[in-house]
Q: 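Sharing a structure with you now.
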Amino acid sequence: MEKRFDKCLREKWDAVVVGAGHAGCEAALALARLGYKTVLFTVSVDSIAMMPCNPNIGGSSKGHLVREIDALGGEMGKNIDATFIQSKMLNQSKGPAVHSLRAQADKKNYSQLMREKLESNENISVKQAEVTELIVEEGKITGVKTYTGAVYECRVCILCTGTYLKSRCITGEVSVQTGPNGLMSANYLSESLKGHGIKLRRFKTGTPARIDGNTVDYTKMEPQYGDEKIVPFSFTNNPEDLEREQIKCWLTYTNEKTHEIIRDNLDRSPLYSGMIKGTGPRYCPSIEDKVVRFADKNRHQVFIEPEGLYTSEVYIGGMSSSLPEDVQADMYHTVPGLEHARIVRNAYAIEYDCIDSLECKPSLELKKIDGVYSAGQANGSSGYEEAAAQGLMAGINAARKMQSKKPIILDRSQAYIGVLIDDLVTKGTNEPYRMMTSRAEYRLLLRQDNADLRLTPIGYEAGLIDEERYQNLLQKEELIINEIQRIKHTSVGGIKEVQNLLEEHKSTPLASGITLAELIRRPELSYDAISKIDINRPDLPEDVCEQVNINIKYEGYIVRQEKQVRQFVKLEKKRIPDNIDYSLISSLRLEAKQKLQDIRPESVGQAARISGVSPADISVLLVYLENYNR
């Protein structure tokens, strides 16, 4: 880096947040709402909460994360509720564990509203500048330096650098040193991190082209509608208040002609020519990858998604690519409805540096630099929702460090956020990490509908949930418990009204008395379905009724999973002292010693989840700890 001026700006802050994407916004708001003066750096103030890829929030498992963010006192759920243009609950034909809310966003409005939230908070100052260096003294963060040489002293720092570190965008044979959407890349911070011993990885992700919606023939596509009945992301919003006219999305498909063009040009694809070195996301492959990896499929889904109410740009979901510009045009024009589509923005792949997530503690603080936290794609994850969840937790824990309090660490039985962070800091990731419902062992307990019951008390403890919201939650809990007990202790006999109801729902008639709870457990019945014969049913809010129905209908499965959680918690409570030298535990295998020494698990439960640590190693560790504690 060239020489800096001898005299430069110097300021003092409680906290520095580097990056104003979804992670940075949540981190800065959490710190500010807890009373800490925070400066939020971004390479462009016009990119705050930008959505450089898909124009939606939520989706399978990601919807769980957004509702958990809201339950803890974060902002993403409120922001998408205010700016969605279509809302839909996914997987409704399946059980409640995998129901996931997804909303199309007006990208510009989403970004603008989040910017307003940041700028209206008196504890936040937004600064357009590139942070180039961490200033560390005796292993502790004391400040950051920008490209112009300005120094911002701080007590804590949160890195939310997204895909900007030494980023380059690649289309065919063309490579440009920029961040997403042509914004400036951050080219110096990587070297500062390496200088402090932080291990970095090189990852890659990509995005499809954007096309002019006026040039699309929608008559050749299948319309995709939103739900008539809106379910809010934020537990603070009433569904009726969110009613609005929704836009349509559209479904079309690739075909053999599309795949032929792709196969004929694989030698020009940077993915296959060796031009791209970074590792891409397995669960969000480019269209080139799909065609190669799933050669038996003669078509792939393509979703046409509007990017906002006041733009004709539409997103081609399912067709991300880094093929050359001319190939992209030919490829997209083979898709029904896109024969005459004009490309507004070419598809591209983006390569970037990120921190090896094993460098982080479960609090998201870096192990090697006291007071520095990392969140979002800076940790090797993918997606807006994963980023926001980490940003919120990093913000909470950075604040608690300044409060001299223990960090709040959600475990795998408490939240999808707990699964996400535990996977990153315990198992690490060799590719951009994506949250999925299958990653959560206790997903029946971690439903999106009960996120407030699970996490709002924790948000209250952290200081991000106010007293009124907390008291409303306690009242909701009481209503649920009382109604479940009433249902379990209310019986009905085989009277005419009951038999008629059962016949109506094709359910077996009664030969003797039965409780209402037993009726609800029948697959064809529900809490609402039996309301006609429940003469003493109280008038309860819809969200309370939902919890009553799920808790009764799935009680057997829930009880079984709660038993599994109790076993899990036992191992989580067996804490491991910080100063243990694993190399001295003679009976441990060499690989286990190395992994345990590197990751430094905080509990036996965490140790058991480390790749390369076997059940036999855990048994050895338990014996060692028993002797150690004596």
Side-chain angles (χ1 to χ4, degrees), residues 21-23 26 51-69 76 80 90-91 97-103 160-163 180 201-208 271 276 278-290 293-294 300-301 303 305 315 317-322 349-352 354-358 360 364 374-393 410 412 415-441 443 446 448 609 611:
H22 303 280
E26 294 291 354
M51 304 173 81
C53 194
N54 51 294
N56 51 67
I57 296 292
S60 182
S61 77
K62 292 169 179 278
H64 291 68
L65 290 174
V66 182
R67 293 203 112 199
E68 289 181 352
I69 290 166
M76 179 175 264
I80 184 61
L90 305 181
N91 303 324
V98 293
H99 291 178
S100 288
L101 191 58
R102 182 178 186 267
C160 305
T161 52
T163 60
R201 290 185 174 276
R202 191 75 174 161
F203 278 177
K204 164 259 169 189
T205 187
T207 190
L271 285 176
I276 291 177
T279 307
R282 185 187 321 177
Y283 300 104
C284 189
S286 66
I287 190 63
E288 301 97 285
D289 271 342
K290 289 180 185 177
R293 286 163 51 185
F294 308 108
H300 295 284
Q301 288 183 324
F303 290 95
E305 304 173 342
Y315 177 89
M319 285 193 77
S320 67
S321 177
S322 57
I350 183 167
E351 254 189 352
Y352 56 96
C354 59
I355 292 170
D356 184 334
S357 58
L358 295 179
C360 297
L364 295 180
S374 180
Q377 286 181 279
N379 280 343
S381 63
S382 69
Y384 312 142
E385 303 82 2
E386 290 92 335
Q390 292 173 66
L392 175 61
M393 296 311 299
L410 302 174
R412 302 179 73 88
Y416 269 76
I417 296 175
V419 175
L420 162 67
I421 294 175
D422 183 66
D423 277 351
L424 288 171
V425 306
T426 302
K427 302 175 183 177
T429 182
N430 295 318
E431 62 189 32
Y433 177 98
R434 179 178 179 176
M435 193 69 242
M436 295 181 290
T437 52
S438 59
R439 296 189 191 273
E441 305 93 317
R443 54 186 171 273
L446 307 184
Q448 55 89 30
R609 294 189 294 277
S611 175

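Along the sequence shown, the residues carry numbers beginning at 1.
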Q: Does the distance from a Lys or Arg side-chain N to an Asp or Glu carboxylate O, for R201 and E351, drop under 4.0 Å?
A: no
Q: What heavy-atom pair brings L364 and Q390 nearest, and what distance separates the two atoms?
A: CD1-O, 3.4 Å
Q: I'd like to know if the side chain of S381 reaches the main chain of G376, judged simply by a donor and an acceptor atom lying under 3.5 Å from each other, with no hydrogens or angles considered.
A: yes
Q: So, E386 side chain and M435 main chain: donor-acceptor pair closer than 3.5 Å or not?
A: yes
Q: Might you work through the side-chain hydrogen bond (donor to acceptor under 3.5 Å, both in side chains) test for Q448 and S100, ending with a clear yes or no?
A: CA-CA 7 Å; Q448 55 89 30; S100 288; over 6 Å; no
Q: Within the structure provided, determine whether I417 and L65 are in side-chain contact (heavy-atom separation under 4.5 Å).
A: yes
Q: To the closest 0.5 Å, what do you measure between NE2 (H22) and CE (M51)?
A: 5.5 Å
Q: Any donor and acceptor pair, going by atom type alone, linking the side chain of S322 with main-chain N or O of A349 inside 3.5 Å?
A: no
Q: Does any N or O in the side chain of H64 come within less than 3.5 Å of the main-chain N or O of A97, such that one atom is a donor and the other an acceptor?
A: yes
Q: Could you tell me whether a side-chain N or O of Q377 sits under 3.5 Å from a main-chain N or O of T163, the two making a donor and an acceptor?
A: no
Q: I want to check something: taking the side chain as every heavy atom from C-beta on, are E431 and T429 in contact at a cut-off of under 4.5 Å?
A: yes
Q: Under 4.5 Å between any side-chain heavy atoms of I57 and R102, yes or no?
A: no
Q: Can you give me the closest heavy-atom contact between G162 and Y352, atom names plus distance?
A: O-CD1, 4.0 Å
Q: Report yes or no: do N379 and S374 form a side-chain donor-acceptor pair below 3.5 Å?
A: yes
Q: Give, for atom OG of S60 and atom CG of L90, the distance between the pair rounded to the nearest 0.5 Å.
A: 7.0 Å
Q: Quick check for you: to the nearest 0.5 Å, what is the distance between N91 atom CG and L101 atom CG?
A: 11.5 Å
Q: Hey, what do you get for CD (Q301) to CE (M319), rounding to the nearest 0.5 Å?
A: 13.0 Å
Q: Whether E441 and R412 form a salt bridge (side-chain N of Lys/Arg under 4.0 Å from carboxylate O of Asp/Glu) is what I want to check.
A: yes
Q: Decide yes or no for E26 and I69: does some side-chain heavy atom of the first lie under 4.5 Å from some side-chain heavy atom of the second?
A: yes
Q: State, to 0.1 Å, how close G318 and I287 come at their nearest heavy-atom pair, and which atoms those are.
A: O-CD1, 4.0 Å
Q: Show the nearest heavy-atom pair for residues A415 and L410, with the distance to one decimal.
A: CB-CD1, 4.0 Å
Q: For D289 versus P285, what's the shortest heavy-atom pair and its separation?
A: CB-CB, 3.7 Å
Q: Do T161 side-chain atoms and A378 backbone N/O form a donor-acceptor pair below 3.5 Å?
A: no
Q: Hey, are the side chains of V66 and Y384 touching, using non-hydrogen atoms and a 4.5 Å cut-off?
A: no
Q: Once rounded to the nearest 0.5 Å, what's the spacing between atom CD1 of I350 and atom SG of C53?
A: 10.5 Å
Q: To the nearest 0.5 angstrom, please state how far the NZ atom of K62 sits from the CG atom of N54.
A: 7.5 Å
Q: Does R439 make a cation-pi contact with Y416, if we ask for NZ or CZ under 6.0 Å from the ring centre and within 45° of the axis?
A: no
Q: Which pair of heavy atoms, one from E288 and one from S321, lies closest together, and at what distance?
A: OE1-OG, 3.1 Å
Q: A side-chain contact here means heavy atoms from C-beta on lying under 4.5 Å apart; do P208 and F303 qualify?
A: no
Q: Under 4.0 Å between a Lys/Arg side-chain N and an Asp/Glu carboxylate O for D423 and R609?
A: no
